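What follows is one structure encoded as C-alpha cells, with my remarks underneath.
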Protein chains: 2
Amino acid sequence: MNESFKALADPTRRQIIRLLREKDRTAGEIADYFQMTKPSISHHLSALKHAGLVQDERKGQFIVYSLDTTVLEEVLGWFLELTGAGKNSEAEPTAAGDPPRRKLQSDKEEL
Amino acid sequence: MNESFKALADPTRRQIIRLLREKDRTAGEIADYFQMTKPSISHHLSALKHAGLVQDERKGQFIVYSLDTTVLEEVLGWFLELTGAGKNSEAEPTAAGDPPRRKLQSDKEEL
DNA sequence: TCGATATTTAAATAATTATCTAAATATATA
DNA sequence: TATATATTTAGATAATTATTTAAATATCGA
C-alpha cells in the first residue's frame with residue numbers, strides 16, 4: 001500500500017492513471033501526452049506497475065497499459081475509513097489523558 | 001491537491017493522520033508514537049499543515065494538532081471519480097484510433 | 001535477414017526529501 | 001527574573017527520486 005501512495009504522489013503518474021481510466025493505451029500514446037522523454041514515462045509506468053496500479057501486455061511491437069482498479073480501491077478504502085464516509089469503524093476511542101497504547105516500532109508498521 | 005498527495009506519500013505522516021483521527025494531540029504526544037526525533041516529527045507536521053491536512057493551535061506551552069478533513073475529502077473525491085464509485089462521469093470517451101485531444105503543457109496542469 | 005519502429009534498461013546527474021544535532025523561541029512556574 | 005519544558009527553525013548530510021542521453025531488446029515488414 002505504501003508503494004501505491006508513493007506512486008500516486010507524482011502528478012505525471014496521476015495523469016497517466018486518468019488517461020488509462022478512459023481506455024487502454026500504448027506506452028508511446030501515453031508519452032505523447034507529456035513533454036517528458038519516453039524513457040522518463042517508461043520509468044513512471046514502471047513505478048505504477050510496481051505499485052500494482054497498472055498492468056501491461058505486449059501486443060506485437062507495442063506494449064499496452066491498462067488500469068488495475070483493485071489496488072486503487074484499497075487506497076480508496078483507506079480514505080473512506082478515515083473520513084468516516086464508509087463505516088463507523090473506530091475501535092475504542094482513546095480518552096483524554098490516556099497514555100499511548102503502544103509505541104510504533106517502525107515507520108513502516110501499519111501503513 | 002498535489003501537496004496533499006505528496007504529504008500522504010509518507011507512512012509516518014499517514015500514521016499521524018490516523019492518530020489525529022482519534023483525537024487532537026500535542027506535537028510531543030504525537031512524537032511519542034515514533035522512534036524519530038521531535039524535530040523530524042515537527043517537520044512532518046509542517047508538511048501536513050502545509051498540505052492543509054492538519055491545523056495547529058497553541059495552547060499555553062503546547063501546540064495542539066487536529067485533523068482537517070476538508071482536504072482529505074477532496075482527495076477522496078479524486079478516488080471516487082476514478083473508481084467510478086461516485087458518479088458516472090466520463091465525458092466523451094475517446095475512440096480507438098483517435099489522436100490525443102491535447103498535449104499537456106506542464107506536468108502540473110490538471111493534477 | 002535487414003532496417004525501421006516501439007519500448008525498456010543503464011549510467012550519470014540533478015533535484016527533492018528525510019533525518020539528525022544544535023540553537024532559537026515561546027510559555028510556564030518557582 | 002531565572003530555569004525548565006515544549007516546540008520549532010537552521011544547517012548539514014544522507015537517501016531517494018526524477019530526468020536525461022545513449023545503448024540494448026523486441027517485433028514488424030520488405
Side-chain angles (χ1 to χ4, degrees), chain A residues 2-17 19-20 24-51 53-66 97 99-100 104-109 111, chain B residues 2-17 19-20 24-51 53-66 97 99-100 104-109 111:
Chain A
N2 187 41
E3 286 305 309
S4 309
F5 273 105
K6 283 200 292 182
L8 289 165
D10 185 277
T12 299
R13 291 195 288 261
R14 288 199 303 279
Q15 186 60 39
I16 290 174
I17 287 176
L19 289 170
L20 292 181
D24 297 354
R25 297 181 199 261
T26 69
E29 282 170 354
I30 294 168
D32 284 342
Y33 280 87
F34 300 92
Q35 300 175 296
M36 227 166 291
T37 62
K38 285 175 198 289
S40 292
I41 295 297
S42 181
H43 167 264
H44 284 304
L45 287 169
S46 166
L48 288 168
K49 186 180 166 188
H50 185 241
L53 292 167
V54 307
Q55 296 173 338
D56 64 348
E57 182 189 3
R58 177 173 281 277
K59 284 204 174 151
Q61 239 173 333
F62 306 91
I63 295 180
V64 178
Y65 281 86
S66 58
L104 295 183
Q105 293 313 306
S106 153
D107 295 0
K108 278 155 200 155
E109 186 184 338
L111 294 221
Chain B
N2 187 41
E3 286 304 309
S4 309
F5 273 106
K6 283 200 292 182
L8 289 165
D10 184 277
T12 299
R13 291 195 287 262
R14 288 200 301 279
Q15 186 61 38
I16 290 174
I17 287 177
L19 290 170
L20 292 180
D24 297 354
R25 297 180 200 261
T26 70
E29 282 169 354
I30 293 168
D32 284 342
Y33 279 88
F34 301 92
Q35 301 175 297
M36 227 166 289
T37 62
K38 284 172 197 293
S40 292
I41 294 297
S42 180
H43 167 264
H44 284 304
L45 287 169
S46 167
L48 288 168
K49 186 181 166 185
H50 186 242
L53 291 166
V54 307
Q55 296 174 338
D56 63 348
E57 183 190 3
R58 177 173 282 275
K59 285 203 173 153
Q61 239 172 332
F62 305 91
I63 295 180
V64 178
Y65 281 86
S66 58
L104 296 182
Q105 292 312 305
S106 153
D107 294 0
K108 276 152 202 157
E109 184 185 339
L111 294 224

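Nothing here was measured: the structure is a model prediction, and the numbers come from that model.
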Distance, rounded to the nearest Å, where [X] contributes [atom1] and [N] contributes [atom2]:
X	N	atom1	atom2	value
B:Ile41	D:dA6	CD1	P	16 Å
B:Leu45	D:dT8	CG	P	6 Å
A:Ile16	C:dT7	CD1	C1'	14 Å
A:Asp10	C:dT17	CG	C1'	14 Å
B:Asp32	D:dT7	CG	P	9 Å
B:His43	D:dA6	NE2	P	23 Å
A:Leu48	D:dT17	CG	P	14 Å
B:Asn2	D:dA18	CG	P	11 Å

Would one find a side-chain N or O of [X] under 4.0 angstrom from OP1 or OP2 of [N]?
X	N	result
A:Thr37	D:dT20	yes
B:Tyr65	D:dT8	yes
A:Thr26	C:dT7	yes
B:Ser40	C:dA18	no

Checklist outcome for this item: Winner on side-chain proximity to B:Ser42, out of C:dA18, D:dT9, D:dT19, is D:dT9

Next on the checklist: If you only use heavy atoms from C-beta on, which nucleotide in C:dT7, D:dT7, D:dT20 is closest to the side chain of B:Ile63?
Outcome noted: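 Output: D:dT7.
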
Checklist entry - Considering only heavy atoms from C-beta outward, does the side chain of A:Ile63 approach that of A:Thr26 to under 4.5 Å? => result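 Heavy-atom side-chain distance check fails, nothing below 4.5 Å.
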
Checklist entry - Hey, are the side chains of A:Pro11 and A:Arg14 touching, using non-hydrogen atoms and a 4.5 Å cut-off? => result yes

Item to check | Residues A:Glu3, A:His50; criterion side-chain contact (heavy atoms from CB on, under 4.5 Å); working and verdict | outcome: CA-CA 8 Å; A:Glu3 286 305 309; A:His50 185 241; 3.4 Å; yes

Next on the checklist: Protein within reach of the bases, or only the backbone? For nucleotides 22-30 of chain C, mark each nucleotide 5' to 3' as B, S or -, using heavy atoms under 4.0 Å.
Outcome noted: B----BS--

Next on the checklist: Can you list everything that forms a side-chain hydrogen bond (donor to acceptor under 3.5 Å, both in side chains) with A:Gln61? Sequence neighbours excluded, please.
Outcome noted: none

Item to check | side-chain hydrogen bond (donor to acceptor under 3.5 Å, both in side chains) against B:Lys38, all qualifying residues, sequence neighbours excluded | outcome: none

Checklist entry - NA contact type, B:Ser46, heavy-atom cut-off 4.0 Å: base, sugar-phosphate, or nothing? => result nothing

Checklist entry - How is A:His44 classified with respect to the nucleic acid when contacts are heavy atoms under 4.0 Å: base, sugar-phosphate, or nothing? => result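 Contact class for A:His44: sugar-phosphate only.
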
Next on the checklist: Could you report the tightest heavy-atom contact between B:Ala27 and B:Tyr65, atom names first, then the distance?
Outcome noted: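 The answer is CB-CE1, 4.0 Å.
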
Checklist entry - What heavy-atom pair brings B:Leu48 and B:Ala7 nearest, and what distance separates the two atoms? => result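 Scanning both residues, the minimum pair turns out to be CD2-CB, 4.2 Å.
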
Checklist entry - 5'-most contact on DNA chain D: A:Lys38 or B:Ala27, nearest heavy atom basis? => result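 In this pair, the answer is B:Ala27.
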
